[in-house]
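Only a predicted model underlies this, so the values are computations on that prediction, with no experimental measurement involved. Chain identifiers are assigned alphabetically (A, B, ...) following the order of the sequence lines, protein sequences preceding nucleic acid strands; residue numbering begins at 1 within each chain.
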Number of protein chains: 2
Amino acid sequence: MARPHTPILSEARILEAVRRLAVDGDFTLAQLARELDVRVSSIYHHVASKGAIVHLLRRDWILRLRTELGDSAGRERLSRIVHSYAEFAGEIPALVPILITEPFQDDELRWLYEDLAQTLHDIGVPDTRLLPLIGTIDAIVLGAAFDLLAPPFHASEVSPETHPRLTAALATLPEDVDRREHLHSTLDDLLAGLLRGYSAHTSS
Amino acid sequence: MARPHTPILSEARILEAVRRLAVDGDFTLAQLARELDVRVSSIYHHVASKGAIVHLLRRDWILRLRTELGDSAGRERLSRIVHSYAEFAGEIPALVPILITEPFQDDELRWLYEDLAQTLHDIGVPDTRLLPLIGTIDAIVLGAAFDLLAPPFHASEVSPETHPRLTAALATLPEDVDRREHLHSTLDDLLAGLLRGYSAHTSS
DNA sequence: ACCTGAACACCGTTCAAGT
DNA sequence: ACCTGAACACCGTTCAAGT
């Protein structure tokens, strides 16, 4: 088969497949092609590169976020952005390194940064602190998402004699820990810590 | 030349070269071999794999940390551990993904986790919160270090009309921002936020 | 326009051959 | 024991060939 009568692939179909794959572990174009039942080279008719796929995923997320945010403002808006960001990154932890390393700066990302800057400004953060704070938030969210890939400690690997406190901590662990849930529950704590001392502006 | 009279390589020499290379950007065995003036295959006589190299770097760091910590305790000890960890990770951001992804759990790492658990316990953190908190600290430090690789925003890429607040923020940016320094200055804020509400135990 | 197969440069890893 | 060269499987990317 060469060109089919009706196209097999599309940007949308590729992104769906990526989302299905990238949740757990590594993500290669070979895997993606298998998932889509095409050859690897076919993918390049729809996306420019592996990095571009991640870029498209993020663009998609920002567009959705934009409508969801509505006209919320201040700490409420910030919290929504950060949690949504964490959810997005938590879905594709294996792609986070690409997200960090490759310098894709499209209009959507600039919009997000402007919105974050404006929201933080409204909360009372001075201009000099805006970029450092945005960088910190970025690092926390991406770091936490990426950390989802880390293998958790297993009780059998520590002995009560040499690691008493670790053993005690492991003993309190429930059967099924939802690490994604924990990620969310931690974010507001961190944000509260970062924003302590700032008080709201009256106008923007 | 086959086997030289006196060995060219050693674990120590390899780790030195890695530290020289991994500071900025990617790290391949080909680069490492060039830096050491040997062939790639020679490296395998001294380390088992690329991942093992990162593992050795971390082991080295933990051993140094151990002596530096002395008998400090409580929040002071925690702060020292975290800052030292950030410094270590900040030196080798390109290797952070390997550090997170590969499940190397040696005696040194277990010692570090036990020490963290004990230190947090002394600060007043209940057993149920120890592992989540350690995970969060890990994510923050590694995320922040990895984020050092991200390309920073450049003023020329945003327009004052569409991104007024981002433009204002960029205008306050000094010529040479030391992102590593900022990493450090943020960590204590985050720790304070995470540990708010806990009060010290009387005994361990 | 869109799918394929073959080729490319690069990656980490293995191993027989040499001293 | 330790360095080398050649081979391997895998990776992302390119491109001429087919419809």
Atom [atom1] of [X] to atom [atom2] of [N]: distance rounded to whole Å?
X	N	atom1	atom2	answer
B:Ile98	C:dC11	CD1	C1'	12 Å
B:Glu11	D:dA1	CD	P	16 Å
A:Arg13	C:dC2	CZ	P	14 Å
B:Ile43	D:dC3	CD1	P	10 Å
B:Leu9	D:dC3	CG	C1'	8 Å
B:Asp37	D:dC2	CG	C1'	16 Å

Once ring pair (Phe, Tyr, Trp, His ring centres under 6.0 Å) is applied, what residue pairs with a partner in residues 18-37 of chain A remain, sequence neighbours excluded?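 Applying ring pair (Phe, Tyr, Trp, His ring centres under 6.0 Å) to every pair that reaches into residues 18-37 of chain A, excluding sequence neighbours, yields nothing.
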Annotated structure of DNA chain C as dot-bracket, pair cut-off 3.5 Å, Watson-Crick or G-U only, | for inter-strand, is ||.|||||...|||||.||
Heavy-atom closest pair, residues A:Leu142 and A:Ala89: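 Here A:Leu142 and A:Ala89 meet closest at CD2-CB, 4.1 Å.
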Going 5' to 3' through nucleotides 12-19 of chain C and flagging B where a protein heavy-atom sits under 4.0 Å of the base, S where only the sugar-phosphate is that close, and - otherwise, we get SBBB--BB
Side-chain donor-acceptor pairs of residues 63-72 of chain B under 3.5 Å, sequence neighbours excluded:
unit_1, atom_1, unit_2, atom_2, d
B:Thr67, OG1, B:Arg64, O, 2.8
B:Ser72, OG, B:Leu69, O, 2.9

**Message:** Salt bridge or not between B:Asp60 and B:Arg19? Use side-chain N to carboxylate O under 4.0 Å.
**Reply:**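 Result for this pair is yes, salt bridge flagged.
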Please set out all donor-acceptor pairs under 3.5 angstrom arising from side-chain atoms of residues 30-41 of chain A, sequence neighbours excluded.
unit_1, atom_1, unit_2, atom_2, d
A:Gln31, OE1, A:Thr28, N, 3.2
A:Glu35, OE2, A:Arg20, NH1, 2.3

Show every donor-acceptor pair shorter than 3.5 Å between a side-chain atom in residues 93-107 of chain B and any protein atom, with sequence neighbours excluded, or say none if there are none.
unit_1, atom_1, unit_2, atom_2, d
B:Thr101, OG1, B:Pro97, O, 2.9
B:Asp106, OD1, B:Glu108, N, 3.4
B:Asp106, OD1, B:Leu109, N, 2.8
B:Asp106, OD2, B:His55, NE2, 2.8
B:Asp107, OD1, B:Arg110, NH2, 3.2

Counting only side-chain nitrogens and oxygens, does A:His46 get under 4.0 Å of the OP1 or OP2 atom of C:dA1? no
> Under 4.0 Å between a side-chain N or O of B:Arg39 and OP1 or OP2 of D:dC3?
Replying inline: no
Contacts of B:Glu157 meeting salt bridge (Lys or Arg N to Asp or Glu O under 4.0 Å) (sequence neighbours excluded), chain-then-number -> none
Side-chain donor-acceptor pairs of residues 184-195 of chain A under 3.5 Å, sequence neighbours excluded:
unit_1, atom_1, unit_2, atom_2, d
A:His184, ND1, A:His83, ND1, 3.0
A:His184, NE2, A:Glu87, OE1, 3.0
A:Ser185, OG, A:His182, O, 3.0
A:Thr186, OG1, A:His182, O, 2.8
A:Thr186, OG1, A:His182, NE2, 3.1
A:Asp188, OD1, A:Ser79, OG, 3.3
A:Asp188, OD1, A:His83, NE2, 3.3
A:Asp188, OD2, A:His83, NE2, 3.0

- Message: Can you pull out every side-chain hydrogen bond (donor to acceptor under 3.5 Å, both in side chains) where at least one residue sits in residues 140-151 of chain A? Sequence neighbours excluded, please.
- Response: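 Non-adjacent pairs meeting side-chain hydrogen bond (donor to acceptor under 3.5 Å, both in side chains): zero.
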